[in-house]
Amino acid sequence: SLALKVENLSKIYNSAAGRVVALDNVSFSIKKGEFVSIIGPSGSGKSTILNMVGALDRPTSGKIHIDGIDIFSLNDSDLATMRNRRIGFIFQSFNLINRTTVQKNVKLPGIIAGISSDEADSRAIKILEALGIADKRNQKPVNLSGGQQQRVAIARSLINNPSIILADEPTGNLDTKTGEDVFDMLKMLSHKFKRTIIMVTHNPELAESTDRSILLRDGRIEKDVVN
Ligand code: ADP
Ligand code: ADP
């Protein structure tokens, strides 16, 4: 079954510099459990796609269905709830809160989604154990290595059992070996736990190791290949 359906999506930015067609009538679907990479040169529309699928911004035209829900038919408040409960985000720069502990970072989206603190703790510990970093749960992220911080961010992305995980250059700030370890963790989540993952990457070797690669150019899909 489908986790995501993107239909005729267009995004036009009007700024002082003029009119930019960031996405031009893009359509694709992603099945539950698929691990898809999005590649393409700078300015080709990768971030714009993630922003739309992640419900961070609305398109100029077109639709996105997540779990069959037409997300842009929702009002801003329901869209924010949908984003918090159904989308997990992983960033290049980890975006962890450094003044609090690993476990509290992982819990936070759960608390925002309205689950109890006890339930969030028990989920957080299980996920941290599954990702091999439960021993770091009382540390502050700033005291961890980059690879460990990204594992914490992956744990945080899982707390609400999301339908889709969006990873924007998740290995971009890591050395090659650590980046491969983080990538292997995403692959494990996809294959063993049937997570649906969309990853933007500039690394062609990692892209080829995903199930499928979508190549963007000038806001259009130039290639969509099974690896
Ligand atoms: P990529 O992630 O592939 O580098 P983006 O999605 O960031 O590409 O950008 C696609 C195009 O849209 C680029 O030409 C970029 O400059 C433009 N763009 C992105 N966001 C904005 C914005 N907020 N305002 C104006 N132009 C934007
Ligand atoms: P990436 O690292 O994916 O290439 P960008 O540097 O293209 O990211 O974009 C980073 C952020 O800046 C995004 O949120 C994007 O929407 C915004 N942005 C990109 N291009 C422009 C632009 N020309 N004008 C305003 N905002 C932009």
Side-chain angles (χ1 to χ4, degrees), residues 3-30 34-66 70-72 74-76 79-80 82-84 86-96 146 149-150 153-154 157 162-174 176 179 182-183 186 190 196-227:
L4 173 71
K5 190 172 177 197
V6 174
E7 283 179 289
N8 305 115
L9 199 71
S10 293
K11 179 70 177 180
I12 296 167
Y13 291 105
N14 288 297
S15 66
R19 183 174 179 275
V20 177
V21 181
L23 291 178
D24 184 7
N25 213 27
V26 166
S27 300
F28 61 94
S29 294
I30 294 184
E34 247 186 316
F35 185 5
V36 177
S37 48
I38 298 187
I39 54 178
S42 189
S44 58
K46 304 181 299 296
S47 302
T48 304
I49 290 234
L50 285 197
N51 287 346
M52 302 291 139
V53 174
L56 294 164
D57 196 5
R58 292 179 185 266
T60 306
S61 60
K63 286 188 183 182
I64 291 181
H65 287 86
I66 293 177
D70 178 359
I71 66 168
F72 298 118
L74 302 174
N75 64 31
D76 285 353
L79 193 64
M82 199 280 323
R83 179 193 314 131
N84 182 237
R86 293 185 195 258
I87 312 282
F89 291 94
I90 303 166
F91 306 94
Q92 179 170 355
S93 50
F94 323 132
N95 293 14
L96 298 168
Q149 290 189 51
Q150 196 60 299
I154 293 171
S157 80
S163 306
I164 301 175
I165 295 169
L166 300 178
D168 193 356
E169 291 273 356
T171 64
N173 270 350
L174 303 172
T176 304
V182 163
F183 176 80
L186 293 174
S190 151
T196 308
I197 304 175
I198 304 176
M199 177 183 74
V200 165
T201 184
H202 279 112
N203 183 325
E205 280 152 34
L206 294 188
E208 279 171 21
S209 304
T210 62
D211 299 331
R212 172 180 162 201
S213 298
I214 295 176
L215 169 64
L216 290 179
R217 190 178 295 278
D218 298 332
R220 297 179 189 210
I221 295 181
E222 185 170 276
K223 273 190 199 160
D224 185 343
V225 292
V226 173
N227 292 314

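Order of appearance sets the numbers: ligands from 1, and atoms from 1 within every ligand.
Atoms of ligand 1 lying under 4.0 Å from at least one heavy atom of Ser42, given by number and element, are 4 (O). Of all atoms in ligand 1, numbered sequentially from 1 with element shown, those under 4.0 Å from a heavy atom of Ser44 are 1 (P), 3 (O), 8 (O).
Of the candidates Ser15, Ala17, Ala22, Gly45, it is Ala22 that places a heavy atom closest to atom 12 (O) of ligand 1. When Ala16, Ser47, Gly40 are checked for heavy-atom proximity to atom 7 (O) of ligand 1, Ser47 turns out nearest.
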Requested in this report: Start with the C-alpha distance between Ser213 and Ser37, add both sets of side-chain angles, then the distance that settles side chain to side chain donor-acceptor pair (under 3.5 Å), and finish with yes or no.
Outcome: CA-CA 5 Å; Ser213 298; Ser37 48; 2.8 Å; yes
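The side-chain heavy atoms of Val226 and Asp211, taken from C-beta on, include no pair separated by under 4.5 Å.
Using a 4.0 Å cutoff on heavy atoms, Pro41 counts as a contact of ligand 1.
Look at Asp76 and Arg58 and you find a salt bridge, because one of the NZ, NE, NH1 or NH2 atoms lies within 4.0 Å of a carboxylate O, short of that distance.
Under the side-chain contact (heavy atoms from CB on, under 4.5 Å) rule, Leu50 has a single partner from Leu166, Ile87, Asp57, which is Leu166.
Here Val20 has side-chain heavy atoms under 4.0 Å from ligand 1, and that is the only part of it that gets that close.
In this structure, Lys223 NZ and Arg212 CZ are separated by 15.0 Å, a value rounded to the nearest 0.5 Å.
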